[in-house]
Amino acid sequence: MKALVTRLDSFGDVLLARPAVRAVAARADHVTMVCGSRGAPAARLLPGIDEVLVWEAPWGGFEPPDVSRPDIDALVERIDADTALILTSFHQSPLPTALVLRLAGVRYIAADSEDYPGSLLDLRHHRAPHAHEAEAALDLAEAAGFPAPDDGRLRVRTPPRADALTGPGPYVVLHPGASVPARAWSPGRAAEAVRELAAAGHRVLVTGGPDERGLTAHVAGAHGTDLGGRTDAPTLAGVLAGAAAVVTGNTAPAHLAAAVGTPVVSLFAPVVPAERWRPYGVPHVLLGDQDAPCADSRARDCPVPGHPCLDTVTATDVTAAVEKLIAVTQPMGET
């Protein structure tokens, strides 16, 4: 059987598809994943995927491209699958993707859909209310005939060791950036947390992408180690895997930390529901006012002056959460 899984969103969304992908891979002879360019680095970290097709859908992403008939025709020609799972977030429709897959000749297509699908879906599945995104994807896979072969946790390929970047000894990672501004802690608060964590005896590494070097340098200051722009996806996985804890917002490194088994202090802005997007399958502490006025707005920029959902969280709150997680997860007798 040739199977195809689509997840057209960002890096973290693709990581959350991993339990479902693993279920498909346990029964399929060949697994292709279709994702956008932002999700492709995550797809390449996932065991069980034989081929990654990168395609920018006109109905997905932050800056979707215009509809192009030649572009869609080219994708249709590349798809070779018998069965497909279309994975979407709770607020997205799978039907445009299903139409493309039908045109490509995929015989069996399954997706969560509240909208009437006509002949586009063979399995119109209804996700459980309030289900986490990882659990919803796994439920869909099971309904389509791909039961979970294991505990359903997030996993990635074994990352490379990152000792050359991290240096010797225990450390905590703080990742101050986020894919959208509304989900990020303020740089000033993050810099305070680095200072307070260092004062409490923690070595702090500050991570970020190539376009976040100014942010990571500011946040690291004189008390942290700035790794901004120095980690591709596999290397970042290695850095997070070696950390005692990771402090980050609701963004890709939270899910990558969970995938490598590292506990997370989640600075969670409630613009999307924490029950669906919290760190999955690892010990975590959720910080942030989940009842703030921005709750469930899906806003990209904070609609409330002062960003109160996150900036009411203090450096002391974060330090206490880090120490709580370390105490819970550290083996007895280890210092």
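Positions are given from 1, in the same order as the sequence printed here. Basis for what follows: all heavy atoms, side chains included, without hydrogens, waters or symmetry-related copies. Predicted, not measured: the structure shown is a model, and the values here were computed from it.
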Would you say [Y] ends up clustered with [X] if hydrophobic residues are merged whenever their side chains have heavy atoms under 4.5 Å apart, either directly or through other cluster members?
{"X": "Val282", "Y": "Val285", "value": "no"}
{"X": "Ile49", "Y": "Met1", "value": "yes"}
{"X": "Val34", "Y": "Leu99", "value": "yes"}
{"X": "Trp55", "Y": "Val67", "value": "yes"}
{"X": "Val313", "Y": "Val194", "value": "yes"}

Query raised in the report: Among all residues two or more places apart in sequence or in another chain, which pass the side-chain contact (heavy atoms from CB on, under 4.5 Å) test with Ser186?
Result: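 side-chain contact (heavy atoms from CB on, under 4.5 Å) check on Ser186 returns Arg189, Asp311.
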Query raised in the report: Who pairs with Asp122 by side-chain contact (heavy atoms from CB on, under 4.5 Å), at least two apart in sequence or on another chain?
Result: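 In terms of side-chain contact (heavy atoms from CB on, under 4.5 Å), with neighbours along the sequence ignored, Asp122 is linked to Arg102, Tyr108, Ile109.
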**Report entry** Under 3.5 Å: donor-acceptor pair, side chain of Thr251, backbone of Pro253
**Finding:**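 Side chain of Thr251 to backbone of Pro253: no pair is present.
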Query raised in the report: Are the side chain of Arg203 and the backbone N or O of Thr225 linked by a donor-acceptor pair below 3.5 Å?
Result: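 Not confirmed, Arg203 side chain does not pair with Thr225 backbone.
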Report task. Sort and list the pairs that fulfil side-chain hydrogen bond (donor to acceptor under 3.5 Å, both in side chains) and have at least one residue in residues 314-328, not counting sequence neighbours. Result -> Glu196-Thr316, His202-Glu323, Thr314-Asp317
Report task. Only pairs at least two apart or in different chains count here, so list each side-chain hydrogen bond (donor to acceptor under 3.5 Å, both in side chains) that has a residue in residues 283-310. Result -> none
Report summary line: Asp50 meets the salt bridge (charged side-chain N to carboxylate O under 4.0 Å, His left out) criterion, sequence neighbours left out, with none
Query - All salt bridge (charged side-chain N to carboxylate O under 4.0 Å, His left out) counterparts of Asp73, not counting sequence neighbours - result: Arg69
Review item, side-chain donor-acceptor pairs of residues 168-184, under 3.5 Å, at least two apart:
{"residue": "Tyr171", "atom": "OH", "partner": "Val239", "partner atom": "O", "Å": "2.6"}
{"residue": "His175", "atom": "ND1", "partner": "Thr207", "partner atom": "O", "Å": "3.2"}
{"residue": "His175", "atom": "ND1", "partner": "Thr207", "partner atom": "OG1", "Å": "2.8"}

Requested in this report: Using a cut-off of 6.0 Å, state whether more than 12 heavy atoms not belonging to His130 lie near its atom NE2.
Outcome: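 No, NE2 of His130 has 12 or fewer neighbouring heavy atoms, counting only those of other groups under 6.0 Å.
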Query - Atom CZ of Arg157 with >12 non-hydrogen neighbours under 6.0 angstrom - result: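 Atom CZ in Arg157 is crowded, with more than 12 foreign heavy atoms closer than 6.0 Å.
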**Report entry** Contacts of His125 that satisfy side-chain hydrogen bond (donor to acceptor under 3.5 Å, both in side chains) - sequence neighbours left out
**Finding:**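 Applying side-chain hydrogen bond (donor to acceptor under 3.5 Å, both in side chains) to His125 gives Asp112.
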Query raised in the report: What residues form a side-chain hydrogen bond (donor to acceptor under 3.5 Å, both in side chains) with Arg155, not counting sequence neighbours?
Result: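 Here the qualifying residues are Asp151.
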Would you indicate whether the side-chain heavy atoms of [Y] and [X] approach each other to under 4.5 Å?
{"X": "Leu236", "Y": "Leu227", "result": "no"}
{"X": "Cys309", "Y": "Val304", "result": "no"}
{"X": "Arg27", "Y": "Pro149", "result": "no"}

Donor-acceptor contacts under 3.5 Å from residues 131-146 side chains, at least two apart:
{"residue": "His132", "atom": "ND1", "partner": "Ala134", "partner atom": "N", "Å": "3.0"}
{"residue": "His132", "atom": "NE2", "partner": "Arg278", "partner atom": "O", "Å": "2.8"}
{"residue": "Glu133", "atom": "OE2", "partner": "Arg127", "partner atom": "NH1", "Å": "3.1"}
{"residue": "Glu135", "atom": "OE2", "partner": "Tyr280", "partner atom": "OH", "Å": "3.4"}

Side-chain polar contacts of residues 254-266 - donor-acceptor pairs under 3.5 angstrom, sequence neighbours left out - could you list them?
{"residue": "Thr262", "atom": "OG1", "partner": "Leu240", "partner atom": "O", "Å": "2.7"}

Minimum heavy-atom distance between [X] and [Y], given as atom pair plus value:
{"X": "Leu75", "Y": "Val100", "result": "CD2-CG1, 3.9 Å"}
{"X": "Val52", "Y": "Ala43", "result": "CG2-CB, 4.0 Å"}
{"X": "Phe90", "Y": "Trp277", "result": "CE2-NE1, 4.1 Å"}
{"X": "Val31", "Y": "Ala28", "result": "CG2-CB, 4.0 Å"}
{"X": "Val156", "Y": "Leu46", "result": "CG1-CD2, 4.1 Å"}
{"X": "Leu121", "Y": "Ala111", "result": "CD2-CB, 3.9 Å"}

Enumerate donor-acceptor pairs with a distance under 3.5 Å from any side-chain N or O in residues 2-23 to protein atoms, sequence neighbours excluded.
{"residue": "Lys2", "atom": "NZ", "partner": "Asp80", "partner atom": "OD2", "Å": "2.6"}
{"residue": "Arg7", "atom": "NE", "partner": "Asp9", "partner atom": "OD2", "Å": "2.9"}
{"residue": "Arg7", "atom": "NH2", "partner": "Asp9", "partner atom": "OD2", "Å": "3.2"}
{"residue": "Arg7", "atom": "NH2", "partner": "Ser89", "partner atom": "OG", "Å": "2.6"}
{"residue": "Asp9", "atom": "OD1", "partner": "Gln92", "partner atom": "NE2", "Å": "2.7"}
{"residue": "Ser10", "atom": "OG", "partner": "Arg38", "partner atom": "NE", "Å": "3.3"}
{"residue": "Asp13", "atom": "OD2", "partner": "Ser10", "partner atom": "N", "Å": "2.8"}
{"residue": "Arg18", "atom": "NH1", "partner": "Pro47", "partner atom": "O", "Å": "2.8"}
{"residue": "Arg18", "atom": "NH2", "partner": "Pro47", "partner atom": "O", "Å": "3.0"}
{"residue": "Arg22", "atom": "NE", "partner": "Asp150", "partner atom": "OD1", "Å": "3.4"}
{"residue": "Arg22", "atom": "NE", "partner": "Asp150", "partner atom": "OD2", "Å": "2.4"}
{"residue": "Arg22", "atom": "NH1", "partner": "Arg153", "partner atom": "O", "Å": "3.3"}
{"residue": "Arg22", "atom": "NH2", "partner": "Asp150", "partner atom": "OD1", "Å": "3.2"}
{"residue": "Arg22", "atom": "NH2", "partner": "Arg153", "partner atom": "O", "Å": "2.6"}

As an exercise, state the distance from [atom1] of [X] to [atom2] of [Y], rounded to the nearest 0.5 Å.
{"X": "Glu192", "Y": "Leu197", "atom1": "CD", "atom2": "CG", "value": "11.5 Å"}
{"X": "Leu87", "Y": "Cys35", "atom1": "CG", "atom2": "SG", "value": "11.5 Å"}
{"X": "Trp185", "Y": "Leu287", "atom1": "CH2", "atom2": "CG", "value": "8.0 Å"}
{"X": "Ile79", "Y": "Leu101", "atom1": "CD1", "atom2": "CG", "value": "5.0 Å"}
{"X": "Leu95", "Y": "Trp59", "atom1": "CG", "atom2": "CH2", "value": "10.5 Å"}

**Report entry** Result of checking Thr216, Leu215, Val247 against Val206 for side chain to side chain contact (heavy atoms under 4.5 Å, CB included)
**Finding:** Thr216
